[in-house]
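Heads up: the structure comes next, in structure tokens.
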Amino acid sequence: MRQSGRIRPIGSDPRLLRIGHAAPESIGPMQLVFCVITPFLGAALAAWAARLGPNVAAWIAGAATLAAGGWLAQGAMDTFAGATLVERISWMPTVGLDLVFRLDGLGLLFALMILGIGFLIVLYARYYFSPQDPLGRFYCFMLLFMGSMLGLVLSENLIQLLIFWELTSLSSFLLISYWHQRAEARNGARMALAVTGMGGLALLGGVLLMGEIVGSYELSAVLAAGDLIRSHPLYLPMLVLILLGAFTKSAQFPFHFWLPNAMAAPTPVSAYLHSATMVKAGVFLLARLFPVLSGTAEWFWLVGLTGLLTLVIGAVIALFKHDLKGLLAYSTISHLGLITMLFGIGTPLAALAGVFHIINHATFKASLFMAAGIIDHETGTRDMRRINGLWGYMPYTATLAMVAAAAMAGVPLFNGFLSKELFFAEAVGVASLYRFGWLVPAAVTFAGIFAVAYSLRFVHDVFFNGKPVDLPRTPHEPPRWMKVPVEVLVAICILVGMLPALTVEPLLAVAAAGVLQGPLPDHNLAIWHGFSPALWMSVIALAGGGLVYLGRRPLFALADRVEGRFEARRGYDWLVAGVFTLTAWVTARLDTGSLQRMLLFFVLSALLLGLTGWWGQAVPLTGPRPLLPVGPAGGLAALGLMSTAVLVVVLHRQRLTALILLGAVGLGCALSFLYFSAPDLALTQLSVEVVTVILLLLALYFLPQTTPAESSRIRQGRDLLLALVAGGGAAALAWAVLTRPQASIADWFLANSLPGGGGTNVVNVILVDFRGYDTLGEITVLALAALGIYAMLEQLQLTGPARDDQGRPWDPDLHPAIMASLVRLLLPLALLVSVYILLRGHNQPGGGFIAGLITAVALIMQYLANGVAWTHARLPGDLHPLIGAGLLIATLTGLGSLLLGYPFLTSTFTHIHWPLGDFELASAMAFDLGVYLVVVGATLLILIHLGLVHDASHPSADQTADASGAD
Amino acid sequence: MEALLALIIGTLTACGVYLILRARTFPVVLGLTFLSYAVNLFLFAMGRLVVGRPPLIDPSAAAYTDPLPQALVLTAIVIGFAMTAFVIMLALKARAELGNDHVDGMHEP
């Protein structure tokens with residue numbers, strides 16, 4: 001027994017091996033794997049179960065979320081103790097590709113947010129959607145997104161992280177375009193996908209550079225190589241590419257415009273994706289790579305400045321948005337800028353504050369989005385100029401929303417205040433470092449003022465400020481369970497805000513340790529820090545925010561006037577339009593709908609590519625390999641072959657003549673194979689030639705018998721020149737290769753064919769054993785081609801000519817008696833030969849391909865000589881089962897070895913003693929039988945159905961066939 | 001012998017290229033067949049030319065030719081047939097749908 005799957009002489013690139021061995025080996029229970037897989041399984045189940053009712057889908061989504069949480073919890077205890085859990089599933093070890101998951105503090109924090117808020121969203125969404133909305137689809141997409149997000153935050157391998165990164169982009173596209181009948185949803189989804197997709201591409205570049213620098217894509221190796229990365233000459237390009245990925249995902253200026261447009265999504269989607277998860281993926285990446293990327297001036301300026309700009313711009317625009325969700329979207333942008341800026345500042349305490357604000361922002365923003373969804377749900381609009389005075393209608397919801405808004409504004413006793421204080425303190429710390437450093441706390445306070453102002457507007461405009469204006473519905477309190485998720489989140493806001501040390505401190509500590517990959521800085525999560533500069537900034541922000549809101553009317557008037565003038569999405573629109581124009585221009589130039597022209601371009605570019613490779617190389621055309629002598633027979637045969645080929649071209653207008661000559665060329669090729677020690681190829685070429693000529697003859701019947709002369713002389717001359725150059729190039733290339741010595745991996749096959757594969761015909765052993773997987777693919781292609789042809793012929797109606805091209809009617813004797821009888825006599829003989837060829841194929845020239853072709857030719861001869869009716873009366877005409885059986889046998893042979901614990905398609909063989917001598921029986925023979933059946937079935941299917949088209953076009957043929965068959 | 005085979009490959013390529021640039025479907029199919037002959041011979045030639053040493057294991061044989069290109073070309077020949085069949089069916093389909101056998105399907109029958 002032998003394992004053919006193990007030996008792969010090709011593709012063992014030592015550089016890739018190096019990457020594969022960089023990470024520590026750790027094999028443990030697979031709870032992280034299950035944690036990531038569970039939502040994906042739940043997605044399929046929820047989509048299917050939606051037919052049983054919306055509640056079933058919701059229960060499944062909730063159960064999947066809880067189950068994933070259960071798997072996570074098993075590793076969480078170790079993580080709190082400071083351990084990093086790594087789980088590895090070996091996937092393609094030879095090229096260093098493993099599925100590796102990692103759980104440390106940072107991953108745990110994100111996984112908890114994804115699952116926790118995800119669970120609340122499952123509950124909330126059940127009551128948010130109307131009965132017309134397909135809930136199964138929502139839960140399916142949402143669980144897909146949840147799984148992708150979990151995979152992202154729990155990946156140890158950066159390439160794997162990237163795959164999940166792209167999956168979040170794709171699944172969020174599906175979620176944003178949930179109401180796909182609305183144009184704004186489609187546009188918003190497309191914009192989000194385009195922007196984050198481009199960022200993903202940049203990130204791929206950055207990650208590849210990082211892998212090149214470190215020599216590994218595993219986080220544990222990358223995180224240990226900070227100095228190497230920062231001092232590398234490729235640090236800056238790598239940093240820019242990675243930051244492009246993070247900034248597009250986290251909606252940083254100037255890529256922020258996709259987020260407000262993504263508000264066309266249903267509100268549960270916004271609450272989930274655009275507060276706690278998707279947009280946090282970018283800052284997650286910043287946090288994840290913080291230890292290796294931060295600490296340089298480039299990092300400080302790029303990340304810090306982008307964050308600061310986003311913080312200020314988002315806060316200012318948010319105040320002027322009349323759409324409830326638009327305000328929240330810009331506020332989200334602003335808060336993401338805040339977090340980005342904290343990581344940009346780069347001190348350990350700033351990173352800790354960033355992690356803290358990630359938690360706080362997720363809780364208050366998710367609850368605000370949910371509150372906005374309730375308001376939208378109850379009033380039928382999101383326009384704050386119409387929604388006023390809702391306090392009178394839904395005081396309970398109003399209270400919840402006010403608490404969350406206070407957290408967003410940074411009011412003391414709520415969680416947002418704590419992280420904002422830390423942020424202000426860090427901004428003050430920056431001020432002393434640079435000459436105009438005082439600008440930083442000033443700008444930050446300015447943003448803080450606007451944050452208070454827009455939070456005030458959210459509360460005052462919606463719940464007070466007079467009476468509602470012309471609402472589509474009369475609002476009242478929402479269903480009980482729609483409020484529960486908001487209550488939970490608001491409770492967290494208050495608890496964290498009042499008792500930070502008792503509630504969030506352990507999680508924050510372990511998460512920050514995960515970010516820093518080292519000891520934590522001294523920090524104190526107290527509400528009162530004394531009269532520090534940060535406190536004064538808070539006071540200024542609160543007071544200033546109040547003043548700005550009081551003076552809002554002239555500001556609003558100004559904003560309405562400049563509305564739409566400075567929109568970043570204009571640049572996007574311009575870019576997209578430009579790309580469309582460019583592609584249309586290129587397509588119009590290249591694709592004129594003319595095959596001749598396209599083929600001309602094709603040949604020209606192939607020649608050009610070949611020539612550029614050739615040009616300027618000082619390599620002689622002729623190599624040192626000794627040449628074979630030319631015998632008179634060989635020379636004559638070669639001359640005959642070439643002149644026949646030229647004759648085909650000269651006579652190609654006489655199609656029948658050209659076809660017969662083409663057959664002769666094919667036979668010449670078979671002779672070449674035979675002469676140069678390739679008996680298998682010669683046999684294959686010989687039998688394929690017969691089938692091809694028959695096929696083309698059958699087809700030619702329906703086509704004009706001659707080709708009209710319509711190309712101009714100039715065109716013919718041009719094509720001739722091109723053909724000569726191409727032929728010359730091919731000949732030169734062949735000559736250059738043939739005269740050079742060869743280094744081949746053939747020795748391995750020759751040495752292992754008999755001991756490993758049990759056959760002396762090495763070509764056949766390669767086909768059915770060493771490279772059996774390839775052969776399985778090839779016979780599948782053959783089967784598909786046959787089925788495709790069958791499908792094409794089914795609807796085909798063609799009429800053949802009644803006379804030949806010289807005006808003579810066809811011979812009425814379609815099936816001459818002598819030929820018919822002879823062919824019938826030949827059939828058993830031909831079948832015997834093919835069985836013999838099949839059986840001996842493992843040791844002597846032959847095998848499934850050749851035997852199949854011989855059988856097919858023998859059977860087709862019956863059709864040709866005796867007619868379809870006669871043959872169909874004696875042979876089953878349905879060939880699909882034959883093809884299917886062949887593929888099944890070949891696959892089962894492979895699976896059989898899998899069942900016995902060997903890799904797919906491992907062969908086994910034994911010797912049996914027959915009276916005629918020693919005989920080897922290899923399981924590969926069963927595989928070859930499958931090949932044989934597919935070849936017979938596919939060839940016959942193609943030819944017989946083309947023949948049937950003949951009969952349909954030739955009504956008299958059947959009667960003649962019957963007359964002939966009856967005697 | 002090497003020069004002759006190189007010439008054969010060159011001739012087959014030249015014939016194939018000339019024919020695929022014709023305006024009617026049948027010559028194009030012939031041209032594709034020529035090109036597959038040329039490609040198959042070329043791939044086969046990557047194992048270099050050896051006379052009288054087929055890759056059949058035999059204790060008395062001193063050396064063998066390279067079996068790997070042969071295995072590759074063998075399936076390529078069969079797949080080439082499937083491709084030819086598919087293309088000629090497309091030609092028939094075009095003839096049935098468009099009423100003529102021009103490759104661009106836009107000239108009168």
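Note that the structure is a prediction, hence the values are computed from the model and not measured. Chain A is the first sequence line, chain B the second, and so forth, proteins listed ahead of strands; every chain is numbered from 1.
Not counting sequence neighbours, Glu778(A) has no partner by the salt bridge (charged side-chain N to carboxylate O under 4.0 Å, His left out) test. In this view, Arg48(B) satisfies the salt bridge (charged side-chain N to carboxylate O under 4.0 Å, His left out) rule with no residue, not counting sequence neighbours.
Both the backbone and the side chain of Leu627(A) come within contact range of chain B, each with at least one heavy atom under 4.5 Å from a heavy atom of that chain. Using a 4.5 Å cut-off between heavy atoms, Val691(A) contacts chain B through both its backbone and its side chain. In this structure, chain B has heavy atoms under 4.5 Å from both the backbone and the side chain of Leu681(A). Both the backbone and the side chain of Ile789(A) come within less than 4.5 Å of a heavy atom of chain B. Only the side chain of Val648(A) comes within less than 4.5 Å of a heavy atom in chain B; its backbone stays farther off. Using a 4.5 Å cut-off between heavy atoms, Arg625(A) touches chain B through its side chain atoms alone. Contact annotation for Tyr675(A): both backbone and side-chain heavy atoms come within less than 4.5 Å of a heavy atom of chain B.
The residue from Val50(B), Leu41(B), Leu5(B) that alone fulfils the side-chain contact (heavy atoms from CB on, under 4.5 Å) condition with Phe676(A) is Leu5(B).
The candidate with the highest count of non-hydrogen atom pairs below 4.5 Å against chain B, out of Thr707(A), Leu641(A), Leu700(A), is Leu700(A).
Heavy atoms only, all atoms of each residue included: Ser677(A) and Arg53(B) are closest at OG-N, 3.1 Å. Residues Val17(B) and Ala723(A) come closest through the heavy atom pair CG1-CA, 3.8 Å. Residues Gly635(A) and Leu4(B) approach most closely at CA-CD1, 3.7 Å, considering heavy atoms.
With hydrogens and angles ignored, the 3.5 Å screen pairs a side-chain donor or acceptor of Gln596(A) with a backbone N or O of Leu21(B). Side-chain N or O atoms of Asp104(B) include one that pairs as donor or acceptor with a backbone N or O of Leu595(A) at under 3.5 Å. Although no hydrogens or angles enter the test, the distance criterion places no donor-acceptor pair under 3.5 Å between the side chain of Arg24(B) and the main chain of Pro708(A).
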